[in-house]
4 protein chains.
Amino acid sequence: MSANHSLPCVLLTGFDAFGGEYINPSSKSVRTLHGARMQGHRLIARQLPTSFARAPVVLRDALRELQPRVVICVGQAGGRAQISLERVAINVCDARIVDNDGAQPHDMPVIARGPAAYFSRLPLDACLAALHGADIPGEISNSAGTFVCNQVMYVLLHELRRQPEACAGFVHIPFIPAQVLERRSAPSMALEQIAAALRLIVAATLDPSAAPHGTHASGREH
Amino acid sequence: MSANHSLPCVLLTGFDAFGGEYINPSSKSVRTLHGARMQGHRLIARQLPTSFARAPVVLRDALRELQPRVVICVGQAGGRAQISLERVAINVCDARIVDNDGAQPHDMPVIARGPAAYFSRLPLDACLAALHGADIPGEISNSAGTFVCNQVMYVLLHELRRQPEACAGFVHIPFIPAQVLERRSAPSMALEQIAAALRLIVAATLDPSAAPHGTHASGREH
Amino acid sequence: MSANHSLPCVLLTGFDAFGGEYINPSSKSVRTLHGARMQGHRLIARQLPTSFARAPVVLRDALRELQPRVVICVGQAGGRAQISLERVAINVCDARIVDNDGAQPHDMPVIARGPAAYFSRLPLDACLAALHGADIPGEISNSAGTFVCNQVMYVLLHELRRQPEACAGFVHIPFIPAQVLERRSAPSMALEQIAAALRLIVAATLDPSAAPHGTHASGREH
Amino acid sequence: MSANHSLPCVLLTGFDAFGGEYINPSSKSVRTLHGARMQGHRLIARQLPTSFARAPVVLRDALRELQPRVVICVGQAGGRAQISLERVAINVCDARIVDNDGAQPHDMPVIARGPAAYFSRLPLDACLAALHGADIPGEISNSAGTFVCNQVMYVLLHELRRQPEACAGFVHIPFIPAQVLERRSAPSMALEQIAAALRLIVAATLDPSAAPHGTHASGREH
């Protein structure tokens with residue numbers, strides 16, 4: 001049993017490629033942080049399948065296995081130009097394209113009888129300030145969509161609803177440059193900048209002066 | 001006491017102008033429906049102030065006074081190109097510009113200790129089908145923002161949370177053409193088309209074959 | 001020989017559908033003006049094929065047959081939100097999609113050894129003022145692209161280069177609403193508004209107080 | 001007199017800040033290349049004022065002094081997401097904002113009695129291939145606008161119209177990240193990536209296998 005394994009853990013997840021893409025920058029970027037240590041925590045990166053059926057299973061297994069103190073799930077939001085700190089996950093699955101299993105749910109709940117939404121439990125303002133302090137474009141987003149990304153964010157916050165000390169949330173990232181060469185006028189962000197952004201978000205979340213809270217409302221009524 | 005006043009009521013609200021605009025197409029469009037009758041209901045249009053402090057007061061007064069069976073609040077979403085049927089209101093007020101009273105709340109709840117979100121209780125799919133059937137561009141939107149529009153939608157659904165028979169929701173509309181003459185490349189929609197859209201949304205909501213539901217999840221756990 | 005045919009002529013052209021669309025609003029809108037009379041002119045609408053090979057042939061035949069005093073070619077610019085008064089046509093054909101004959105030229109001249117560009121010979125400022133005066137969103141555009149629309153505009157102005165009294169130019173129009181029902185967030189403009197815009201552009205062009213000029217430079221060095 | 005000065009020269013120009021910005025990434029990026037040697041050429045960076053009156057003077061002085069074999073002028077196109085290889089400069093100055101001298105010309109020629117346009121004389125396809133080969137998002141643009149950037153491109157190509165061996169053109173670059181922190185959803189590109197892009201464009205232009213041509217039409221009829 002290595003000392004390493006006794007350190008508390010930060011879990012980072014990315015997705016496999018979907019929607020006709022050959023890569024998913026969310027996996028690539030979280031992988032660059034795998035094995036790092038920050039403020040007494042070890043960082044573990046895992047990949048989730050872009051599948052409504054399988055992503056929650058893999059996520060729950062990882063939560064059970066690793067018992068992370070911080071979880072940051074990361075997904076690609078092709079077309080967005082900046083790092084998006086997602087504020088809220090809603091209890092809806094409504095897919096405009098099929099997932100990697102061919103499923104395309106329409107207006108279904110993520111969790112039957114779950115609350116309408118969960119707020120992120122990351123310190124969004126502190127994360128945003130950290131990004132801007134490093135000249136990385138970022139913003140707080142009010143919608144994580146209704147595809148697998150939103151589902152994973154909702155499941156994550158639902159699973160942790162009785163662990164008020166855990167910090168958890170979701171970050172959407174832009175395409176990386178290699179993905180937009182054939183997409184006229186599409187924005188992108190360099191992988192190095194995305195990885196730097198994730199490192200800053202983890203650091204801001206672990207910083208004790210940035211108390212776990214997310215949006216005002218969280219940790220109370222859900 | 002006129003017979004008219006014994007008819008059940010559909011309340012439509014628009015906002016006054018804000019953000020440097022001289023008009024607000026939401027007021028203009030709901031006003032065109034004021035006094036109309038549809039499927040045994042009378043349509044009443046009211047104007048709300050674009051004010052975090054005053055809009056909820058005016059809305060609650062109207063709900064108490066009119067006891068409407070259907071409420072559709074309408075707001076301007078400058079920059080959007082299509083009719084937006086809002087799916088969800090979140091418990092956050094976070095303003096990028098000041099409201100008409102000079103207030104600019106940052107990350108405050110709409111209702112302290114309220115749930116994270118409420119889903120629309122309009123039959124969104126039926127409304128969308130009605131718009132498309134009339135060749136009017138519309139879509140379901142997953143974010144009503146965090147300005148007064150979202151606040152009003154949240155307050156509306158919170159007020160009606162114990163009246164499962166009431167249908168209520170929010171619709172964002174584009175700028176009208178006169179508002180974009182000096183805005184290069186900005187989309188707009190003709191006022192007549194917006195008014196027609198609202199009429200179709202009311203009709204789809206009143207249609208008994210379109211059972212009041214909004215998103216799957218609504219009417220149960222909130 | 002009817003008296004009608006002795007009137008000077010305004011030629012309006014639209015295109016047939018292309019790029020997977022079933023309709024082209026440019027044809028639909030110019031057709032609404034066919035046969036009208038304005039300020040002592042008769043309006044004639046013709047359809048051009050969306051074909052690099054055939055459009056110039058049909059256009060030149062129409063110019064020869066009708067000897068128009070004003071020519072306004074109209075094309076669809078899907079994705080634009082406003083009426084675009086094109087300022088300039090460039091001597092390039094460079095297609096990102098195939099035309100209706102399957103042709104897709106890359107970086108070819110419209111006219112070998114032709115000048116790099118021709119400026120519109122419509123009174124752009126007067127046209128724009130007329131649109132805005134009627135609350136119709138419009139703007140002057142600096143690029144008509146490099147597809148068949150630009151080619152037609154270039155050929156038109158090349159053909160008329162020795163007829164300084166002729167007014168001629170190109171107008172791009174948005175999708176109409178029926179075309180964007182399945183295109184999330186895409187802008188559109190009602191066909192009636194587009195037709196009204198074209199009528200105003202013809203009127204502004206025919207108005208003797210709006211001297212034929214287009215951009216400053218035209219009528220001189222080309 | 002150092003041997004260095006006997007090398008043929010590549011002139012790169014950027015602009016000073018304008019439009020309320022504190023920096024202009026075009027100057028910053030060309031400065032990173034100043035003094036470098038590539039393929040037997042020395043690279044010289046100069047700054048142009050964002051002024052319709054003064055930019056042409058400074059540019060002409062630099063051309064006279066340096067007698068460059070290649071000139072690449074660079075400007076900021078805030079809001080664009082990719083490197084824009086400009087295809088054409090048009091003979092129009094039409095400013096929506098004032099320049100740094102307070103001037104705001106409307107529909108004026110760059111050069112009275114000059115041709116309507118000049119095509120870039122950079123090997124655009126080779127430059128684009130070089131960018132894409134390095135995973136840098138770039139595209140050929142059909143409009144350099146009608147502000148000082150377009151004016152400088154036009155003046156440059158006009159000055160060199162009798163020097164068929166000179167390669168010259170214009171490249172628009174996005175905002176850098178520090179400029180968009182307060183601009184929600186605005187795209188940007190890292191300065192390092194922009195500088196790498198410019199290096200690749202210079203190399204592709206100097207490469208003898210990439211014959212100087214720009215668009216087909218150039219070097220002939222203007």
Side-chain angles (χ1 to χ4, degrees), chain C residues 77 80 84-96 105-129 139-147 149-151 153-154 157-158 161 169 172 185 213-222, chain D residues 77 80 84-96 105-129 139-147 149-151 153-154 157-158 161 169 172 185 213-222:
Chain C
R80 294 199 195 172
S84 289
L85 302 163
E86 294 296 347
R87 194 198 293 271
V88 64
I90 62 175
N91 193 10
V92 179
C93 294
D94 197 39
R96 245 172 301 156
H106 173 59
D107 200 13
M108 299 289 291
V110 177
I111 305 276
R113 283 173 300 281
Y118 284 107
F119 283 117
S120 174
R121 288 160 67 178
L122 301 179
L124 300 184
D125 284 349
C127 290
L128 191 60
E139 58 196 353
I140 295 174
S141 160
N142 294 313
S143 173
T146 54
F147 196 55
C149 289
N150 172 74
Q151 182 207 32
M153 181 178 175
Y154 187 96
L157 293 160
H158 186 74
R161 70 194 180 285
H172 263 124
S185 308
H213 72 301
T215 285
H216 62 88
S218 64
R220 285 178 302 196
E221 64 281 313
H222 317 304
Chain D
R80 294 198 196 173
S84 289
L85 303 164
E86 294 297 346
R87 195 197 292 270
V88 66
I90 62 174
N91 193 10
V92 178
C93 295
D94 197 38
R96 244 171 303 155
H106 173 61
D107 199 14
M108 299 287 292
V110 177
I111 305 275
R113 285 173 300 279
Y118 285 106
F119 283 117
S120 175
R121 289 161 66 179
L122 301 178
L124 299 184
D125 283 348
C127 290
L128 191 60
E139 57 195 354
I140 295 174
S141 160
N142 294 314
S143 174
T146 54
F147 196 54
C149 289
N150 172 73
Q151 182 208 33
M153 181 177 176
Y154 187 97
L157 293 160
H158 186 74
R161 69 194 181 282
H172 264 124
S185 309
H213 73 298
T215 285
H216 62 87
S218 63
R220 287 178 301 197
E221 62 283 314
H222 318 305

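Within every chain, numbering begins at 1; the chains are lettered A, B, ... in the order of the sequence lines, protein sequences first and strands thereafter. What you see is a predicted model, and the numbers here were worked out from it, not measured in a lab.
Residues C:N142 and D:S143 come closest through the heavy atom pair CB-OG, 3.4 Å. Contact record, D:N91 with C:F119: N-CZ, 3.8 Å, taken as the closest heavy-atom pair. Annotation for D:A116 and C:A117: closest pair CB-O, 3.3 Å, computed over non-hydrogen atoms.
Looking at C:N150, neither its backbone nor its side chain comes within 4.5 Å of chain D, counting heavy atoms on both sides.
Atoms OG1 and CD1, from D:T146 and C:I140 in turn, are 9.0 Å apart once rounded to the nearest 0.5 Å. Rounding to the nearest 0.5 angstrom, the gap separating the CZ atom in C:R87 from the CG atom in D:D94 is 4.5 Å.
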